[in-house]
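Take a look at the structure below.
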Protein chains: 4
Amino acid sequence: MTPVNTSTADVADQERRAPGRPRSARADEAIIEAVLDLIAGGTTIEALSIESVAAKAGVGKATIYRRWANKEQLIVDAVASLKGPVPQVAGESVRADLITLVSAMRNSQHGRAGQVMPCLIPEIRRNPQVYERYQLAMAPRRQVLREVLERGVRTGELRVDLDIDIAVLMLSGPMLVQTIMNWDPNLATDGLAERLVDWVLAGIGA
Amino acid sequence: MTPVNTSTADVADQERRAPGRPRSARADEAIIEAVLDLIAGGTTIEALSIESVAAKAGVGKATIYRRWANKEQLIVDAVASLKGPVPQVAGESVRADLITLVSAMRNSQHGRAGQVMPCLIPEIRRNPQVYERYQLAMAPRRQVLREVLERGVRTGELRVDLDIDIAVLMLSGPMLVQTIMNWDPNLATDGLAERLVDWVLAGIGA
Amino acid sequence: MTPVNTSTADVADQERRAPGRPRSARADEAIIEAVLDLIAGGTTIEALSIESVAAKAGVGKATIYRRWANKEQLIVDAVASLKGPVPQVAGESVRADLITLVSAMRNSQHGRAGQVMPCLIPEIRRNPQVYERYQLAMAPRRQVLREVLERGVRTGELRVDLDIDIAVLMLSGPMLVQTIMNWDPNLATDGLAERLVDWVLAGIGA
Amino acid sequence: MTPVNTSTADVADQERRAPGRPRSARADEAIIEAVLDLIAGGTTIEALSIESVAAKAGVGKATIYRRWANKEQLIVDAVASLKGPVPQVAGESVRADLITLVSAMRNSQHGRAGQVMPCLIPEIRRNPQVYERYQLAMAPRRQVLREVLERGVRTGELRVDLDIDIAVLMLSGPMLVQTIMNWDPNLATDGLAERLVDWVLAGIGA
DNA sequence: CGTTAATCGAGACGGTACGTCCTGTCTTCGG
DNA sequence: CCGAAGACAGGACGTACCGTCTCGATTAACG
């Protein structure tokens with residue numbers, strides 16, 4: 001109905017520009033920045049009101065609603081905008097690379113991103129659009145992890161019959177539940193990456 | 001100030017009953033049922049309004065606020081009410097017991113509980129009270145897992161230098177992220193417990 | 001749909017009171033007072049916002065909308081509340097009584113009522129409900145005028161074939177257009193009542 | 001600041017035309033027509049939005065604001081555009097001429113003009129500019145009435161001590177309040193002009 | 001005949017108010 | 001004292017307009 005989020009970028013492949021005054025890129029930035037500042041400043045995600053975002057960004061409410069249909073869409077976009085760069089690995093030993101990646105996973109949960117992501121979990125479950133967007137943002141990170149594992153199989157550092165999917169899950173899952181939900185309060189996250197990787201490599205059998 | 005959650009059950013050890021009309025147990029049940037029905041029926045946790053709960057339960061708003069201080073407390077209690085029994089293990093092989101427990105973890109995420117729990121994650125992070133309550137509910141389940149692992153170390157089925165905390169995290173984390181967030185959409189959860197347990201036992205090193 | 005303006009006074013003839021907390025009489029007064037104060041304070045009738053009324057009255061917006069469906073209804077009620085008492089006549093000479101009544105018509109257009117009434121004319125024309133209410137408020141005043149004229153006919157001070165309706169219109173119309181619209185800017189309203197009554201009594205024919 | 005209402009017509013006496021593209025006369029007409037259509041179509045004057053006018057006229061909002069500073073100015077111009085011709089009198093008897101003029105007053109309140117004029121009363125009271133403009137539009141009509149009355153005094157048809165100002169008010173006021181506000185719902189406006197003129201000529205005294 | 005400049009339509013901009021909904025508290029009555 | 005019912009002050013929602021602005025395109029007269 002309302003042409004929400006039909007930014008000029010989306011029609012960049014067409015020659016013709018939309019009629020009327022084009023949307024302000026400054027407004028886009030100001031709104032996203034306001035969302036992130038407010039959340040980082042301690043505002044709960046459900047206490048985050050569009051009105052406060054508009055006020056903080058120095059923007060009319062309509063300017064927000066012209067771009068995003070609701071709060072969730074806005075927050076998802078805001079979060080997507082602060083995903084740091086995909087972590088790079090040294091490529092020497094598989095163990096070192098895995099530790100790098102698992103540590104990066106922990107670190108990405110600090111700062112602004114870490115405040116916001118857990119709040120999106122209910123939305124991820126319920127809204128397929130949000131879920132898809134989340135998977136899209138995660139894909140390159142997961143791919144790096146897969147490549148390290150595949151390299152390990154090739155170089156003989158890892159078992160030849162390794163199921164990559166399960167291995168990715170085994171390396172990501174524990175660190176995520178620990179950082180996101182503080183799963184085991186007695187477990188420090190500081191040296192956790194090394195311990196996890198070593199145990200995963202060795203297994204726990206006798 | 002307001003005697004929130006001072007239900008008759010909490011003062012059952014006292015001889016003296018409170019004066020006046022006792023609280024209706026039917027109201028308690030109706031309210032909890034209304035919350036669970038609404039959430040299972042697709043209502044977002046932040047879209048869940050006390051007014052709709054009161055209407056669905058056929059109860060006045062004050063009757064709810066007399067028992068719970070706010071929405072979160074109510075939801076936590078509602079969720080706590082549907083925790084199934086702590087899973088029992090056969091006690092024969094460690095591997096079989098672990099599979100039983102990890103599968104139980106998956107199954108508990110189906111039905112109404114599975115709909116509700118992920119919605120609490122933001123609350124768990126923010127509200128220490130909710131977090132404590134959640135840990136309390138999880139403790140017996142985790143304890144069963146620990147005991148199985150400890151038994152495995154004693155019987156020699158598991159390595160003697162096993163770090164129980166890490167092992168618990170490695171067994172719980174992957175299953176949780178997969179069931180709660182649908183972490184890897186290409187990964188079926190059906191035989192996942194066996195595969196996870198086997199990989200954890202064996203490790204992925206060459 | 002919403003039970004607007006179903007105040008307790010309207011069901012006073014019924015024995016049974018409405019369930020729930022009764023509406024606050026203090027809120028009623030505060031709202032009406034706020035409207036009148038704002039208008040008297042120079043606020044245009046179309047610039048008068050429900051939000052400003054609520055703020056001035058120290059009342060939630062919902063408390064206003066619970067009683068009045070829209071701004072016009074509210075203003076009409078506010079105006080109706082400040083209609084002064086129906087003017088009393090001495091009853092000696094018809095001329096003196098007519099002057100009293102026509103002067104009262106002028107005076108009622110001063111102060112707060114005079115600021116508001118003209119603003120309602122568009123509404124009076126368009127909204128039958130508002131029109132009816134206006135006629136109701138005017139009826140007793142018009143009745144007094146009719147009675148003076150009828151008495152004049154009986155006592156022989158006025159012509160026996162006098163058309164009362166036309167006479168009322170002739171006495172009211174000129175004063176109203178002059179006070180409401182400032183019809184003739186060169187015409188003072190000070191001694192106007194006497195001049196009008198005398199000319200009406202005498203006619204302008206040779 | 002903004003050159004509002006500096007239409008080409010206003011500078012017609014200057015030799016030099018303004019540089020750039022001249023204003024579109026079609027836009028002027030379309031805007032005025034849109035205003036009148038909307039008001040005649042039942043839109044309240046305060047519900048009349050510039051946006052709806054622009055949409056109906058197929059014109060940009062700026063094209064309206066370039067010509068009129070605000071809504072009131074626009075409406076006043078729109079109303080002024082539909083004033084009919086000043087009524088002409090036969091010049092035979094004063095009574096017949098007065099009836100003609102008073103009837104004309106009634107007729108001018110039918111059609112679009114009659115729908116619009118009452119809506120301006122609040123504006124007339126508040127805005128001196130609007131009031132002046134209104135008086136200007138009324139002046140020629142009032143002048144015709146004055147001339148008939150003065151002629152009546154000269155020819156002896158009216159009393160020599162007639163106060164023309166009061167007489168004009170007495171002839172205009174009743175008809176206006178009756179047609180504009182439907183002052184007395186039991187009074188038909190059909191033969192009203194004759195009855196009013198006759199009563200005014202005769203007076204109501206014994 | 002190309003420049004210049006004000007116009008056009010369209011529509012985004014920062015705001016304000018709308019009327020609705022919900023929050024957590026309160027105030028009434030009857031059980 | 002508890003129950004339902006519902007009013008209370010407050011505040012966010014998403015919509016509609018306000019009056020201003022910025023676009024690319026159009027349209028004359030001037031040079």
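Residue numbering restarts at 1 for every chain, and letters A, B, ... go by the order of the sequence lines.
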**OP:** For DNA chain E, find the residues of residues 52-59 of chain A with a heavy-atom distance under 4.0 Å and give them by number; none if there aren't any.
**Re:** Gly58(A), Val59(A)
Original post:
In whole Å, what is the span from the CD1 atom of Ile50(A) to the C1' atom of dT20(E)?
Top reply: 17 Å
**OP:** For the pair Asp77(A) (side chain) and Ala80(A) (backbone), establish whether a donor and an acceptor sit closer than 3.5 Å, ignoring hydrogens and angles.
**Re:** no
Subject >> Heavy-atom donor-acceptor pair, Ser24(A) side chain to Ala27(A) backbone, under 3.5 Å >> reply: yes
Original post:
Roughly, in whole Å, what's the span from CZ in Arg67(A) to P in dG11(E)?
Top reply: 15 Å
Original post:
Below 4.5 Å, heavy atoms only, C-beta onward: do Ile39(A) and Val79(A) meet side chain to side chain?
Top reply: no
Original post:
Taking CD1 from Ile31(A) and C1' from dG14(E), how many angstroms apart are they, rounded to a whole number?
Top reply: 11 Å
Subject >> First of Ser49(A) and Gly20(A) reached from the 5' end of DNA chain F, by closest nucleotide >> reply: Ser49(A)
Original post:
Taking CG from Asp28(D) and C1' from dC8(E), how many angstroms apart are they, rounded to a whole number?
Top reply: 13 Å
Subject >> Between C1' of dA17(E) and CG of Asn70(C), the distance in whole Å >> reply: 15 Å
Subject >> Check: Leu48(D) main-chain N/O paired with Thr43(D) side-chain donor or acceptor under 3.5 Å >> reply: no
**OP:** Classify the side chain of Arg21(D) versus the base of dT26(F) as yes if they form a donor-acceptor pair under 3.5 Å and no if they do not.
**Re:** yes
Contacts table for residues 55-64 of chain B: side-chain donor-acceptor under 3.5 angstrom, sequence neighbours left out:
from     : atom 1 : to       : atom 2 : distance (Å)
Lys61(B) : NZ     : Glu51(B) : OE2    : 3.0

Subject >> Rounded distance in Å - OH (Tyr65(C)) to P (dG11(F)) >> reply: 17 Å
**OP:** Rounded to the nearest angstrom, tell me the gap between atom CZ in Arg23(A) and atom P in dC21(F).
**Re:** 21 Å
Original post:
Given Gln73(A) and Asn70(A), is the side chain to side chain contact (heavy atoms under 4.5 Å, CB included) satisfied, shown in steps?
Top reply: CA-CA 6 Å; Gln73(A) 304 272 328; Asn70(A) 49 54; 3.0 Å; yes
**OP:** Determine: side-chain N/O of Thr63(C) to OP1/OP2 of dA9(F), distance under 4.0 Å, yes or no.
**Re:** yes
Original post:
Would Arg23(C) and Asp28(C) satisfy salt bridge (charged side-chain N to carboxylate O under 4.0 Å, His left out), going step by step from the backbone distance to the final call?
Top reply: CA-CA 8 Å; Arg23(C) 295 203 179 150; Asp28(C) 284 77; over 6 Å; no
Original post:
With no angle test and no hydrogens, is the base of dG19(E) tied to the side chain of Lys61(C) by a donor-acceptor pair under 3.5 Å?
Top reply: yes
Original post:
According to a strict under-4.0 Å criterion, is Arg66(A) in side-chain N/O contact with OP1 or OP2 of dC13(E)?
Top reply: yes
Original post:
Should Arg26(C) be listed as having a side-chain N or O under 4.0 Å from OP1 or OP2 of dA7(F)?
Top reply: no
Original post:
Quick one: on DNA chain E, does Ile64(A) or Ala62(B) contact a more 5' nucleotide (nearest heavy atom)?
Top reply: Ile64(A)
Original post:
On DNA chain F, nearest-nucleotide positions of Ala47(D) versus Leu48(A): which is more 5'?
Top reply: Leu48(A)
Original post:
In whole angstroms, how far is the P atom of dG11(F) from the CD atom of Glu46(A)?
Top reply: 17 Å
